[in-house]
Amino acid sequence: MAKNATANADPGDEVVHDFSPLLLVHRSGRLERPLAMPPVPPGHDAATGVVSKDVSLSPFSFARLYLPPETDAGAGKKIPVLVYFHGGGFVIGSAASAAYHRCLNDLTAACGAVAVSVDYRLAPEHPLPAAYEDSLAALKWVLSAADPWLAERADLSRIFLAGDSAGGNICHHLAMHHDLRGTAGRLKGIVLIHPWFWGKEPIGEEPRPGRAEGVEQKGLWEFVCPDAADGADDPRMNPIAEGAPRLEKLACEKVMVCVAEGDFLRWRGRAYADAAARARGPEPAVELFESEGVGHVFYLYEPATEKARELLKRIVAFVRAEGSRSARAVAQC
């Protein structure tokens, strides 16, 4: 029976690209995204007092805006802006997913900032640079203060970018983009949480030849970015590759890189922080924070744990801190 079932199997159902658990591509063109989560609506969050709404930015992208509760002490004062980019290897994820919606409610309340969670086009339907283009357009929209929430509450001289995994990659890309060179003094910092960087040659204790956590990193990158120059050493995937633009060109005052001890990407995050510190010197600061005993984007799925709360606390301190620190800081928890 098994032999006959195999013989009668639909050839169009054959998996031709297996990037599980993120994405499976069938010969027929059918796509499976096993980790995709259903969307949740914006609105009032009873746990934090944060309110949110969706704003359409184009026919294919939107932003979810978040406002913290206004206290008597802060009435009328403008507050920082945190622009967040979700992860998912450029193939899954949404600003409307339950995990990110919960995360942004918590970040907004803790930071006391206006938050903007950006939804961008995904590969393979829309290969890179589509996600980069949507993210840049969203950031320019934020800078224009076109929405009343931004015009009334946002201090556009204090903008922070944050993102996890592929979203951390996007933060780097935007901070290096030539269109943002004139935003010096407005883009205060970037927070790269477990950023997705890779390269042709393994570093640290990276798996060889590069398969980790069930996803072949080099193959996934070249799949989502067909025009990648030099494969996984494309500067967008390997910002410390030979010939990549120097990190001294980052259009922000300070950098925070968050890694996790159990994350296969931690070696790239550490190397990025080291390269940024060498390239930029002690001013502005580069802060590296490592969460011990946890894995990739653990805080999205275990937000109530001590490690998740500590990560949130460190990000809040980075956003709220006035000015740059005088030296690179390295911390573990």
Side-chain angles (χ1 to χ4, degrees), residues 21-23 33-57 60-68 81-111 113-123 126 130-132 134-135 138-139 141-142 147 149 160-171 173-174 190-196 256 258 260 263 265 291 294-305 307-309 311-316 319:
L22 300 179
L23 176 72
R33 293 179 164 99
L35 295 182
M37 293 180 283
V40 295
H44 176 261
D45 181 60
T48 61
V50 171
V51 293
S52 58
K53 67 177 181 179
D54 288 343
V55 178
S56 176
L57 303 182
F60 38 78
S61 67
F62 70 91
R64 179 162 291 186
L65 275 64
Y66 296 80
L67 275 182
V81 182
L82 180 67
V83 185
Y84 194 96
F85 304 91
H86 69 78
F90 296 107
V91 297
I92 66 169
S94 168
S97 71
Y100 284 108
H101 185 59
R102 181 180 59 242
C103 175
L104 267 294
N105 277 316
D106 291 343
L107 273 173
T108 300
C111 290
V114 180
V116 181
S117 186
V118 177
D119 200 79
Y120 51 82
R121 286 173 290 173
L122 300 176
H126 306 281
Y132 291 138
D134 293 348
S135 299
L139 180 54
W141 175 80
V142 170
D147 185 84
W149 285 13
F160 292 83
L161 308 183
D164 65 278
S165 198
N169 178 297
I170 290 174
C171 290
H173 176 78
L174 294 179
I190 58 175
V191 182
L192 311 186
I193 309 170
H194 311 168
W196 186 32
M256 181 179 189
C258 304
D263 184 6
L265 296 178
S291 301
V294 289
H296 190 61
V297 298
F298 71 96
Y299 67 98
L300 289 174
Y301 306 103
E302 301 173 338
T305 62
K307 294 296 183 181
R309 289 194 297 266
L311 176 60
L312 176 65
K313 180 180 177 182
R314 295 303 295 259
I315 294 172
V316 170
V319 171

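Along the sequence shown, residues carry numbers from 1.
Side-chain atoms of E302 and K307, non-hydrogen and from C-beta on, never get closer than 4.5 Å to each other. Residues D263 and V294 have side chains not in contact (no heavy-atom distance under 4.5 Å, counting atoms from C-beta outward). L107 places a side-chain heavy atom less than 4.5 Å from the side chain of I315. Considering only heavy atoms from C-beta on, S52 comes within 4.5 Å of R64 through its side chain. For the pair C171/V191, no side-chain contact is recorded, criterion being any heavy-atom separation below 4.5 Å from C-beta on.
Atom CZ of residue R121 and atom OG of residue S61 lie 7.5 Å apart, to the nearest 0.5 angstrom. Interatomic distance, I92 CD1 to L122 CG, rounded to the nearest 0.5 Å: 8.5 Å. Put simply, CZ on F90 and CG on L22 are 12.0 Å apart, with the number rounded to the nearest 0.5 Å. Here Y84 contributes atom OH and T108 contributes atom OG1; the two are 11.5 Å apart, rounded to the nearest 0.5 Å. One distance of note links CG of N105 with OG1 of T48; it measures 4.5 Å at 0.5 Å rounding. In this structure, L265 CG and N169 CG are separated by 10.5 Å, a value rounded to the nearest 0.5 Å.
Closest approach of A308 to P303, counting heavy atoms only: CB-O, 3.6 Å. The minimum heavy-atom distance between P68 and V50, with the atom names listed, is CA-CG2, 4.2 Å. The two residues L65 and W141 make their nearest non-hydrogen contact at CD1-CH2, 3.7 Å. Scanning both residues, G49 and H44, for their nearest heavy atoms gives CA-NE2, 3.8 Å. F62 approaches A96 most closely through the heavy-atom pair CZ-CB, 4.0 Å. Residues A260 and G295 share a closest heavy-atom pair of CB-O, 3.6 Å.
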- Task: Take V114 and L67 through the test side chain to side chain contact (heavy atoms under 4.5 Å, CB included) and record every step on the way to the result.
- Result: CA-CA 5 Å; V114 180; L67 275 182; 3.8 Å; yes
| query | What's the verdict on salt bridge (charged side-chain N to carboxylate O under 4.0 Å, His left out) for K53 and D147, showing C-alpha distance, side-chain angles and the deciding distance? | reply | CA-CA 11 Å; K53 67 177 181 179; D147 185 84; 3.2 Å; yes
Kindly indicate, with the supporting measurements, whether the criterion side-chain hydrogen bond (donor to acceptor under 3.5 Å, both in side chains) is fulfilled by S94 and D119. CA-CA 6 Å; S94 168; D119 200 79; 3.0 Å; yes
Stepwise side chain to side chain contact (heavy atoms under 4.5 Å, CB included) test for V116 and L82: CA-CA 6 Å; V116 181; L82 180 67; over 6 Å; no
message: As a quick check of understanding, evaluate side chain to side chain contact (heavy atoms under 4.5 Å, CB included) for D164 and F85, giving each step before the final call.
response: CA-CA 7 Å; D164 65 278; F85 304 91; over 6 Å; no
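Remark: H101 engages Y66 in a ring-ring contact (aromatic ring centres under 6.0 Å, His included) (not counting sequence neighbours). Listed by chain and number, the residues in a side-chain hydrogen bond (donor to acceptor under 3.5 Å, both in side chains) with S97 amount to none (sequence neighbours excluded).
You'll find the ring centres of H86 and Y120 inside the 6.0 Å limit.
Judged purely by distance below 3.5 Å, without hydrogens or angles, the side chains of D106 and Y299 never pair a donor atom with an acceptor atom.
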